[in-house]
Visitor: 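Sharing a structure with you now.
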Amino acid sequence: MGQLVERGHVLTHDPAEAEVLVVNTCSFIDPAKQESIDTIIEMAEHKKSGRARKLIVAGCLVERYRDQIRTELPEVDAVLGTNELERIVALCEGEQQGGGASEPYLYHDLTPRILATPRHYAYIKIAEGCDHPCSFCVIPQYRGKFRSRRFESVLAEATRLFGQGVREINLIGQDTTSYGEDLGIKDGLAQLMARLAQIETPHPKWIRFLYCYPNRITQKLLDTIAEHPALVKYIDMPLQHASAAVLKRMKRGSHGDFFLKLLERIRATIPGVAIRTSMIVGFPGETAADFQVLSDFVKAARFDRLGVFSYSDEDTSASFQLDAKVDGATIERRKRSLMSMQRRISRARNRALIGQEVDVLVEGLSEETDLLWKARMSTQAPEIDGICYVNDFGDAPPQTGQIRRMRITEAHDYDLIGALTDSTPTSMPLPNSDPFPILATTR
Ligand code: SF4
């Protein structure tokens, strides 16, 4: 988007208005593939009824099914793989389809960029690719070997984003905890977080990283998070399972007892930390006993947030070759059972928060009514965790992008309700003038 705007093009979220339609796709698992294909077909209709004269398909689906897209979706005019992003302008301006992937792509601080998120938070990709061999995962095949962005490049981008009014930065990558290893930097993520925490800003700031690999979490990293107030007390650590046998077949290793000790160490080092994880149920060979191990583990671990995913058999993954597949009904039953256990844990954890005062980042007016505003505690990551609803604004009405004090008054299974308590907000609202190139229409 940044490259197109820099070149003078205007972006729109309204496909009926667009002359060129770009569908950015995912192909991680079947539902993502299906959603991508459905969107391509839906967008192709605009070539008949709207102003569109070109349909470009970008992203992971292209890496995986480049030839099939070309032959089976004739309404698609061009495809753009994940390593070819520099060619987006030429394709939109009419260049004929070229030859395919070039060097592995990773953007840097000088790459023009437009935030697709609301202006008060942003994601920064600090690394691309992955060297882990998880047998269910196809990402390394399409994203390549792990490579980190340069330290100074990430700092420069974060400094610029904070300067533009962003309050919260979320560092992402397929494996953030390996950050810097390929550059020969020891404890690279801890060092990066410490430097980011020291960026001077005229407003409070939150910094977190997502998607860490459990056995890459060092004590230095935990100490660094505990030390700096700007570093959010939040660990997102997909564990995928707790049974040693399943984890071995997943080619991830480790076991539930090791994870419990790690959780204990994380909680002891970072008081008030919220821990998020995700699990896969129905992996080939997962027996009833394995699932019991997982259930017992989830009960004991008392995660603040838990995502449960049904195993998806992808034809290019190593686990596709494994025997003892679990049937769909069993997978669904196990998923529901784990989610209902977590719902009870989450509700109890939320109830324990009633009466506490916390900082919240104001997200905006609720879609349902003008009487509610949405906000997030720092321990609620954007787009994935629950949120807070503010129903009492005190003396100073909220404004999007402010960090405010809120007293928690009610608790639901995943969301919280609260009242603002600060009459003098500690942070100004975002400036009225938009610091980013303006999108023609907003979502
Ligand atoms: S660490 Fe994550 S991205 Fe890497 S192979 Fe495992 S699941 Fe895939």
Side-chain angles (χ1 to χ4, degrees), residues 25-33 59-64 81-83 104-107 123-149 170-183 188-189 208-218 221 234-256 258-259 262 275-286 294 303 305-322 331 335 381 383-384:
T25 59
C26 177
S27 68
F28 186 37
I29 52 174
D30 274 342
K33 279 187 272 184
C60 289
L61 197 75
V62 175
E63 291 298 324
R64 213 168 160 183
T82 52
N83 293 325
Y105 178 81
L106 186 51
Y107 81 104
Y123 296 96
I124 293 184
K125 187 169 256 194
I126 59 171
E128 183 65 275
C130 182
D131 293 343
H132 291 289
C134 307
S135 60
F136 55 82
C137 182
V138 296
I139 288 177
Q141 294 168 37
Y142 305 110
R143 294 285 173 160
K145 293 198 77 59
F146 179 83
R147 52 208 185 271
S148 305
R149 277 178 65 185
N170 298 278
L171 305 182
I172 54 169
Q174 276 84 35
D175 173 17
T176 48
T177 29
S178 293
Y179 175 77
E181 276 180 18
D182 55 322
L183 305 176
L189 184 61
R208 88 176 83 229
F209 58 91
L210 298 169
Y211 321 135
C212 58
Y213 197 85
N215 66 10
R216 297 295 171 102
I217 295 180
T218 62
L221 180 59
Y234 182 93
I235 299 285
D236 170 45
M237 178 176 62
L239 294 176
Q240 314 298 9
H241 215 281
S243 150
V246 175
L247 284 164
K248 191 169 173 202
R249 279 163 74 92
M250 285 179 166
K251 292 210 182 316
R252 289 177 64 90
S254 203
H255 50 81
F258 171 83
F259 294 154
L262 176 59
I275 303 176
R276 174 179 189 86
T277 194
S278 56
M279 298 293 183
I280 296 174
V281 289
F283 188 79
E286 182 192 63
L294 176 57
F303 293 102
R305 332 250 180 263
L306 170 76
V308 184
F309 295 90
S310 305
Y311 171 75
S312 173
D313 214 14
E314 298 300 313
D315 53 4
T316 57
S317 70
S319 58
F320 187 72
Q321 308 298 335
L322 294 175
I331 292 178
K335 181 179 178 179
E383 302 179 274
I384 181 97

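Ligands are counted one by one from 1 in listed order, and the atoms in each one are counted from 1 as well. Heads up: numbering here begins at 1 and tracks the sequence. Source: prediction; values computed, not measured.
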Visitor: When you measure from the heavy atoms of Y211 to every atom of ligand 1, does any distance fall below 4.0 Å?
Guide: no
Visitor: Hey, does the Lys NZ or Arg CZ of R276 hover above the aromatic six-ring of Y234, less than 6.0 Å from the centre and inside 45° of the axis?
Guide: no
Visitor: Restricting to N/O/S atoms, is C134 within less than 2.8 Å of atom 6 (Fe) of ligand 1 or not?
Guide: yes
Visitor: Please determine whether C130 has a backbone or side-chain N, O or S atom lying under 2.8 Å from atom 4 (Fe) of ligand 1.
Guide: yes
Visitor: At what distance is the nearest protein heavy atom to atom 5 (S) of ligand 1, and which residue and atom is it?
Guide: H132 O, 3.5 Å
Visitor: Heavy atom to atom 8 (Fe) of ligand 1, shortest distance: which of C137, S278, S178, A318 holds it?
Guide: C137
Visitor: Verify the distance criterion only: is there a donor paired with an acceptor across the side chains of Y142 and S27 at less than 3.5 Å?
Guide: no
Visitor: So that I know where these two stand, are F283 and H241 an aromatic pair - ring centroids less than 6.0 Å apart?
Guide: no
Visitor: Answer yes if the side chains of Y311 and D313 hold a donor-acceptor pair under 3.5 Å, and no otherwise.
Guide: yes
Visitor: May I ask you to identify, for P140, whether its side chain, its backbone, both or neither come under 4.0 Å of ligand 1 on a heavy-atom basis?
Guide: side chain
Visitor: Taking 4.0 angstrom as the limit, do R64 and D315 come out as a salt bridge?
Guide: yes
Visitor: Quick check on contacts: which atoms of ligand 1 are under 4.0 angstrom from a heavy atom of F136?
Guide: 7 (S)
Visitor: Side chains of I124 and R149: does their closest heavy-atom pair fall under 4.5 Å?
Guide: yes
Visitor: Of all the non-hydrogen atoms in the protein, which one sits nearest to atom 2 (Fe) of ligand 1, and at what distance?
Guide: Q174 O, 4.1 Å
